[in-house]
Amino acid sequence: MEDVNLSDLKVMVIDDSNTIRRAADVLLKKTGCTVITAEDGFDALSKIVAARPDIIFIDVMMPRLNGYETCSTIRSNPEFADTPLVLLSSKSSFCDKAKGAVVGASSYLTKP
């Protein structure tokens, strides 16, 4: 298997769990990624415009601005029309995944 150089990849992780944010930060930095974290959707919006991440992981269940709302808000900005948005949730029903697609998520991953 060929090694992939991720040193130029900017990854944003939006999650209200400090533990998840810290774990993602440590693991992704080990691969060479630049990591930007945010504790909720409101915190993320200005950081997204400033950092212009290459991919954004968004927790669905967050206070103030949930993952679906955050995803929809990001997608409403044409500058981020092609940015991959990945929703993360412990919910795995068809309806949850369909709602993710409706708000513009590129993918929906279920947390273990």
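Around atom CG of D82, no more than 12 heavy atoms belonging to other residues, nucleotides or ligands sit under 6.0 Å away. In the displayed structure, K47 atom NZ is contacted under 6.0 Å by more than 12 heavy atoms of other residues, nucleotides or ligands.
Atom OG1 of T110 and atom CG of L87 lie 10.5 Å apart (nearest 0.5 Å). One finds the CD1 atom of I20 at 12.5 Å from the CZ atom of F57 (value rounded to the nearest 0.5 Å). K99 NZ to S72 OG: the interatomic distance, rounded to the nearest 0.5 Å, is 10.5 Å. The OH atom of Y68 lies 4.0 Å from the CG atom of D96; values are rounded to the nearest 0.5 Å. To the nearest 0.5 angstrom, L85 atom CG is 10.0 Å from F80 atom CZ. Taking CG of L65 as the reference point, atom CG of D43 lies at 11.0 Å (rounded to 0.5 Å).
When only modelled atom types and interatomic distance are considered, T70 and R64 share no side-chain donor-acceptor pair under 3.5 Å.
In plain terms, the two heavy atoms of S76 and P78 that are nearest each other are O-CD, 3.4 Å. Minimum heavy-atom separation, C71 to G104: SG-C, 3.8 Å. Scanning all heavy atoms of the two residues, the minimum distance from D15 to R21 falls at O-NH1, 2.7 Å.
The hydrophobic clustering, which links ILVMFWY residues whose side-chain heavy atoms are closer than 4.5 Å, places V86 and I14 apart. Hydrophobic clustering (ILVMFWY, side-chain heavy atoms < 4.5 Å, transitive): L28 and I55 are in one cluster. Using a 4.5 Å cut-off between side-chain heavy atoms of Ile, Leu, Val, Met, Phe, Trp and Tyr, with links allowed through other members, M61 and M12 fall into the same hydrophobic cluster. In the hydrophobic clustering of ILVMFWY residues, with side-chain heavy atoms under 4.5 Å counting as a link, L45 and V49 come out together. No continuous path of ILVMFWY side-chain contacts below 4.5 Å connects L88 to I74, so the two sit in separate hydrophobic clusters.
The main-chain N or O of V60 is never found under 3.5 Å from a side-chain atom of N66 such that the two would form a donor-acceptor pair.
S106 is listed as a side-chain neighbour of R75, based on a closest heavy-atom distance under 4.5 Å. A heavy-atom distance below 4.5 Å is not found between the side chains of M62 and F42.
Using a cut-off of 4.0 Å between Lys/Arg side-chain N and Asp/Glu carboxylate O, K29 and D25 are scored as salt-bridged. With respect to D59 and K111, a salt bridge is recorded, a charged nitrogen being found less than 4.0 Å from a carboxylate O.
P53 pairs with exactly one of V35, I48, V11, V13 by the side-chain contact (heavy atoms from CB on, under 4.5 Å) rule, that one being I48.
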